Structures are given as structure tokens and as C-alpha cells.
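Keep in mind it's a predicted model, so treat the numbers as computed, not measured. What's counted below: heavy atoms across the whole structure, side chains too, no hydrogens, waters or symmetry copies.
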Protein chains: 2
Amino acid sequence: MATIHHPDIDSVPLSALLAALSDPTRLEIVGKLAAGPCSCAEMDIDASKSALSHHVKVLRQAGVIHQRAEGTMRITTIRRNELDARFPGLLDSVLNATGPK
Amino acid sequence: MATIHHPDIDSVPLSALLAALSDPTRLEIVGKLAAGPCSCAEMDIDASKSALSHHVKVLRQAGVIHQRAEGTMRITTIRRNELDARFPGLLDSVLNATGPK
DNA sequence: CCTATAGTTCAATTATTTTTGAACTTTTGG
DNA sequence: CCAAAAGTTCAAAAATAATTGAACTATAGG
């Protein structure tokens, strides 16, 4: 499998990050990930496989998440440090607003 | 003119706020407003009258801005206190990321 | 090897958003 | 009263984005 592409976070416009986070399903995904890394299946999201794959891709392309292949799974994590460096406080306030764990 | 409607900020979902802020033109508007109240014309946005009116409406419906009629103008301001109360830190981090004036 | 698992991709459809321009409403200055 | 200024509204068009289901790829377990 070709390696998964992750954008340089400095190349992501703020508007693109906000667009990625503006979807309820994706906010739910990010909320789950805030608790720790997981595979798509473990996210327990109510969406078809392909829709979920799509949403995850949008988040990846916006620099929100990182994925690494592990077996047949993709282990997904939030790019917390990088996001915090580029958009200080933003992720925290979003996570805090969704549901402070 | 019928009074301008502003939603109760508690009724605005986070996803709707983020969607409103996810457009470059609207981020520009909010950036301008961060410097103080102004009319649409004063915003100096590169968009047609009706497109600008549309963007401003989206921001208003998302609870981001407040408008009051003054003569033939609408004086627009950011609903800063309310936003800060409902989504602590969010607006600040967005404004900070756009261009810390 | 064979099959199940986990996810991706594709093309088609549907849905939502954005943009445009023209017509309209309000308000004010002359 | 009249005209200009500042926006709004509307309908149509254009552009984006989301959802589906089927076909596909890669990996691992038996």
C-alpha cells in the first residue's frame, strides 16, 4: 500500500481546518480520538464504511489526524502537538465545546 | 423594517458555528469586525452586494455577529461576550490564527 | 492457498452552498 | 416629493460536498 499522505500542517489554511471540523460526524470522530488512538471500526460512528472513510480522509487532508497502517487497520490519532503549534488553543476549545470528556 | 433576528446563542450547534467560520470571505469579515463595529460597505470585502449580504446573514444566523439598523445601514458587531461564554476560547483562537491584528 | 477483515476508491446521485443580477425596501438628504 | 444610498430578497445557475453501493486492495489467520 502506498504510504498514507499527511499534509504539512503549515500548508493548511484556517478555513480548511474549520471546514473539516464543521461536520457533526467529523466532530464526533475527533471527540472519540481525543480519548486516544483508534481504528475506524472502533470509532463506532453511524455511517457507511465509505462515508466514514470519506470523513476520515477529509480530516486527514485538513491536517487534523494522522494515520498509520497496522495490519489491515489504520490507527488514527489527532495531530495534537502540530495543531496546537499552528492554531494555538483552537483544538482545545473545540474539544471543550463538543463534550469535555 | 421587521426587526433583525438574532438566534439565541445556546441554540447554535458548534458545527454550525464552525461552518459559518469556515469560509475565507467570512473569516475576513470577522477579522475586520474584530477591530470594531462597521457597516457592510466599510468592511471593504471583495464580493457583490448580494454575496456580502448572504455571508453576513450566515454569520448572523450562526450567532457570530449582531446587527442593528442605523439609517440605511446595518451596524455590525461581533457577539463576543456571548460567544466567549458559550464557546470559551474559540473565537480568540480563530482571530489569533487569522491575523493577530 | 483461501477467506475474512478493514478500509479505499469510483461513479452516480443527491444535497447544500455560493454566486449572480435584477428587482425591491427603507431611510435620508435636498 | 425625489433620488441616492445601503441592504435585502429572489430565482436561476454554478460549484462543492456528502452519501451510496459495488468493486477493489492489502493483510493476516487458519
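- As rounded to whole Å, 10 Å separates atom C1' of C:dC24 from atom NZ of B:Lys49.
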Would you list the protein and nucleotides 18-21 of chain D atom pairs, both N or O, that sit under 3.5 Å from each other?
| unit_1 | atom_1 | unit_2 | atom_2 | d |
| --- | --- | --- | --- | --- |
| D:dA18 | OP1 | A:Arg26 | NH1 | 3.3 |
| D:dA18 | OP1 | A:Arg26 | NH2 | 3.1 |
| D:dA18 | OP2 | A:His54 | NE2 | 3.3 |
| D:dT19 | OP2 | A:His55 | NE2 | 2.7 |
| D:dG21 | N7 | A:Ser50 | OG | 3.3 |
| D:dG21 | O6 | A:Ser50 | OG | 3.2 |

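- A straight line from CG of A:Leu52 to C1' of C:dA6 spans 11 Å, rounded to a whole angstrom.
- Proximity note for B:Arg74 (side chain, C-beta onward) versus D:dA5, D:dG7, C:dT8: the nearest is D:dG7.
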> Stepwise, does the side-chain contact (heavy atoms from CB on, under 4.5 Å) test hold for B:Leu83 with B:Ile9?
Replying inline: CA-CA 7 Å; B:Leu83 282 169; B:Ile9 214 146; 3.7 Å; yes
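- Between the NZ atom of A:Lys57 and the P atom of D:dA17 there is a distance of 13 Å, given to the nearest Å.
- Distance, A:Glu70 CD to C:dG7 C1': 14 Å, rounded to whole Å.
- A:Met73 places its CE atom 13 Å from the P atom of C:dT5, with the value rounded to the nearest Å.
- A side-chain donor from one of B:Arg26 and B:His55 sits under 3.5 Å from a side-chain acceptor of the other.
- Residues satisfying the side-chain hydrogen bond (donor to acceptor under 3.5 Å, both in side chains) criterion with A:Asp92, sequence neighbours excluded, are A:Arg80.
- Under 4.0 Å is where a charged nitrogen must lie from a carboxylate oxygen, and between A:Arg68 and A:Glu70 at least one such pair does.
- If you measure from atom CD1 of A:Ile45 to atom P of C:dA6, you get 16 Å, rounded to the nearest angstrom.
- Annotation for B:Asp44 and B:Lys32: closest pair O-NZ, 3.7 Å, computed over non-hydrogen atoms.
- If you measure from atom CG of B:Leu59 to atom P of C:dT18, you get 10 Å, rounded to the nearest angstrom.
- Remark: P of D:dG7 and CD1 of B:Ile65 are 12 Å apart, rounded to the nearest angstrom.
- The phosphate of C:dT8 has OP1 or OP2 within less than 4.0 Å of a side-chain N or O from A:Ser53.
- Heavy atoms only, all atoms of each residue included: B:Cys38 and B:Met43 are closest at SG-CG, 3.7 Å.
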